[in-house]
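Quick notes on the structure that follows.
First the proteins, then the strands, lettered A, B, ... as listed; each starts at 1.
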Amino acid sequence: MSYYVTTPIYYVNGEPHLGHAYSTIAADILARHHRQRGEDVFFLTGTDEHGEPVAQQAEREGVTPRELGDRLAPRFKRMAAKVEASNDFFIRTTDEGHVKRVQEVVQRVHDNGHVYEGTYEGLYCPRCADFKTESEVAEGNTCPIHGIELTKEKQDNWFFKLSAFQEDLERLYEERPDFVTPDFRRNEALSFIKQGLRDVSLSRPTLKWGVPVPWDTEQVIYVWFDALLNYYTALGYAREDEDLTGRYWPAFHILAKDILKFHAVYWPAFLMAAELELPRGMFIHGFLLMEGQKMSKSLGNVLDPDEVIEKFGADALRYYCFREVSFGQDGQISPAGFEARYDSELANEFGNLANRTLSMVSRYRASVVPEAEPDPALAPDFEGVPDRFNELLDGAELSQALEDAWKLVRRLNRYVEESRPWDLAKAGPGREAEEPALDVARLDQVLYSLAEGLRVAALLLHSYMPDTTGRLLGALGEPDRGLAAFGSRGGGQAVEKIPPLFPKLEAESGD
RNA sequence: GCCGGAGUAGCUCAGUCGGUUAGAGCAGCGGAAUCAUAAUCCGCGUGUCGCAGGUUCGAGUCCUGCCUCCGGCACCA
């Protein structure tokens, strides 16, 4: 079974920020999760480098668009690495393999009769790289988004017959209710379709920076089609010796709400026109808001992922993003919120649970997990959790799944208090009078159950926090990374004590 | 203007087909414990469930109207 997941490709007219990291982390969690389930996974991210905004940005900086891409693509690549993204390839739309395959697909759409030549006249925003309909024009012929003056443009260019796919799209949404999730995004896309689709421009005659239209090399392909096709083209050349298309296509897409229309309407229509299989689905996430506003360069409220990772670690960032903000919704984030979650949940609840567990096994049982039956007091709380976890992640419900896993962490801390291993380990007065052998067995059972529960929880959390859970699983003597049921493994492994997984922040700054 | 969503504890939110005293986390207050990164655990809520009607034996849950907020689309400038 294969699983192919993508992030949007990031536009190189600016530096990477936390918003980019967010999409990347989400896709990475899904990729890692499906690998844990033993599936054949391909995870793609990359950069979008064509189009007018890049050309303009390059001009402002006095470099060629190619040079701008060459400078920024590595930054995005590095960001992916910094957040521990396990992508199998990093596509750049300037890659030869991409350009070639875009032309093939566009040619096929043309040959299938879905392209025609027309004239487009209207007000154009160079920053948006898009024409504005009358309704989208602000006072004084300015762009409502960028506030800059629009220019009147008339272009002979090629059109894609989007309107011809109206019924097909409606049927798609009918037949596959999960094609776009969450459902309120699906409704938005569907109502957009239902109100009637207009043909869209497929090419740009005035621009040189892009993929040439194969049958009219004076024009370049509109950057959005070029960009969307990355999901398909990458599989063709990511590996020198193998075309991966048959193995992985179609994809599951992760994207933010601002590019819903392109992915949920244009993209499937274009694939239909090219007679390619449609995506298996897509999940539309919201924005991480800083002080109530979208992070944006112009507002100056951008959180640099590097700084966050520097202070909290990549795992903590990955955790926080999906814990604090319900995946799919917009949500507030803040440095104070990071610190609160880090301290109370990662350090105190999870890190300390790991620490006390390893410590007690080490102290009371010479660092070997005892062999015992799972405690019936604990087992029901783990019953069915991995299955439900899988189901949630099948629907890309990252926050819900994380919540389920976290309940186990909390349950285990409670279990420690309920079972009081330190009392069981005491041979003090009033204990010897009872049956010591019973307590030995009981302590074995408690320590086994605790270590086993921690193992199961760590495995569930592994896709979210690969580094720290990896270290913890190593310390627990667990070589495998597949999801496991509670009680599926016996005792007998040697454990080792390790430094705190999430050191307290005060302790750090106090040094 | 049209469509959709939301309005529940100080904050963030759960509340499944209408059914027992409306829940969780955080924050706050009090306590227990000592294996552990002074971490953990337990206890503590007089909430007009946006407002007003209605249906029902019974409504946070269904219906109608209204208010506020958010999103999408359309329109105007």
Quiz item: Using the P atom in both, what is the distance from B/rA9 to B/rG60, to the nearest Å?
Solution: 15 Å
Quiz prompt | C1' atoms of B/rG5 and B/rG43, separation to the nearest Å | solution = 38 Å
Quiz item: Separation of A/Leu472 atom CG from B/rU37 atom C1', in whole Å?
Solution: 14 Å
Quiz prompt | Quiz item: cation-pi between A/Arg204 and A/Tyr222, 6.0 Å / 45° | solution = yes
Quiz item: Looking only at atom C1', what distance separates B/rG58 and B/rG71, rounded to whole Å?
Solution: 36 Å
Quiz item: Angle class for the A/Phe165/A/Phe160 ring planes (parallel below 30°, perpendicular above 60°, tilted otherwise)?
Solution: parallel
Exercise. For residues A/Phe502 and A/Tyr342, determine if any side-chain heavy atom of one lies less than 4.5 Å from a side-chain heavy atom of the other.
Key: yes
Exercise. Provide the Watson-Crick or G-U wobble partner of B/rA52, both distances under 3.5 Å; none if there is no partner.
Key: B/rU64
Quiz item: Does OP1 or OP2 of B/rG4 have a side-chain N or O of A/Asn187 closer than 4.0 Å?
Solution: no
Exercise. With P as the reference atom in both, quote the distance from B/rC63 to B/rU16 in angstrom, rounded to an integer.
Key: 14 Å
Self-check item: Over all atoms of both residues, closest heavy-atom pair of A/Ile9 and A/Thr45
Solution: CG2-C, 4.5 Å
Quiz prompt | Rounded C1' spacing from B/rC62 to B/rC17 in Å | solution = 12 Å
Practice problem: Just name whichever nucleotide pairs with B/rU20, Watson-Crick or G-U, keeping both distances under 3.5 Å, else none. | Solution: none
Quiz item: Step by step, would you call A/Asn348 with A/Lys504 a side-chain hydrogen bond (donor to acceptor under 3.5 Å, both in side chains)?
Solution: CA-CA 9 Å; A/Asn348 295 351; A/Lys504 278 307 208 34; 3.2 Å; yes
Practice problem: With a 3.5 angstrom cut-off on both distances, give the Watson-Crick or G-U wobble partner of B/rC26, or none if there isn't one. | Solution: B/rG10
Quiz item: What orientation do A/Tyr22 and A/Phe322 show, parallel under 30°, tilted 30 to 60°, or perpendicular over 60°?
Solution: parallel
Quiz prompt | P-based separation of B/rU68 from B/rG25 [nearest Å] | solution = 36 Å
Quiz item: Across all strands shown, which nucleotide pairs with B/rA74 by Watson-Crick or G-U wobble geometry, both distances under 3.5 Å?
Solution: none
Exercise. Any strand is fair game: report the nucleotide pairing with B/rC41 by Watson-Crick or G-U wobble, both distances under 3.5 Å, or none.
Key: B/rG31
Practice problem: Could you tell me the separation between the CZ atom of A/Arg186 and the P atom of B/rG5, rounded to a whole number of Å? | Solution: 13 Å
Exercise. Could you let me know what B/rC69 is paired to, Watson-Crick or G-U wobble, both distances under 3.5 Å, or none if it's on its own?
Key: B/rG5
Quiz item: Just by distance, do the side chain of A/Ser399 and the backbone of A/Phe327 share a donor-acceptor pair under 3.5 Å?
Solution: yes
Quiz item: In whole angstroms, how far is the P atom of B/rU12 from the CD1 atom of A/Ile333?
Solution: 16 Å
Quiz item: What's the shortest heavy-atom distance between A/Leu278 and A/Pro250, and which atoms?
Solution: O-CB, 3.0 Å
Quiz item: Are A/Asn157 and A/Ser203 linked by a side-chain donor-acceptor pair shorter than 3.5 Å?
Solution: no
Exercise. Answer with base, sugar-phosphate or nothing: what part of the nucleic acid does A/Leu501 contact at a heavy-atom distance below 4.0 Å?
Key: base
Quiz item: Is the phosphate of B/rA39, meaning OP1 or OP2, less than 4.0 Å from a side-chain N or O of A/Lys504?
Solution: yes
Practice problem: Spell out protein contact along nucleotides 25-36 of chain B as letters: B when the base is contacted, S when just the sugar-phosphate is, - when no protein heavy atom is under 4.0 Å; keep the 5' to 3' order. | Solution: S-------SSBB
Quiz item: P atom, B/rC13 versus B/rU8: distance in rounded Å?
Solution: 9 Å
Self-check item: Complementary nucleotide of B/rG58, counting Watson-Crick and G-U pairs under 3.5 Å
Solution: none
Quiz prompt | Distance between C1' atoms of B/rA32 and B/rG23 (Å, rounded) | solution = 25 Å
Exercise. Starting from P on B/rA38, measure out to CG on A/Asn348 and report it in whole angstrom.
Key: 9 Å
Quiz prompt | Distance, rounded to the nearest Å, where A/Leu197 contributes CG and B/rA74 contributes P | solution = 11 Å
Quiz prompt | Rounded distance in Å - CD (A/Gln329) to P (B/rG7) | solution = 11 Å
Self-check item: A/Phe192 CZ to B/rG71 C1', straight-line distance once rounded to whole Å
Solution: 15 Å
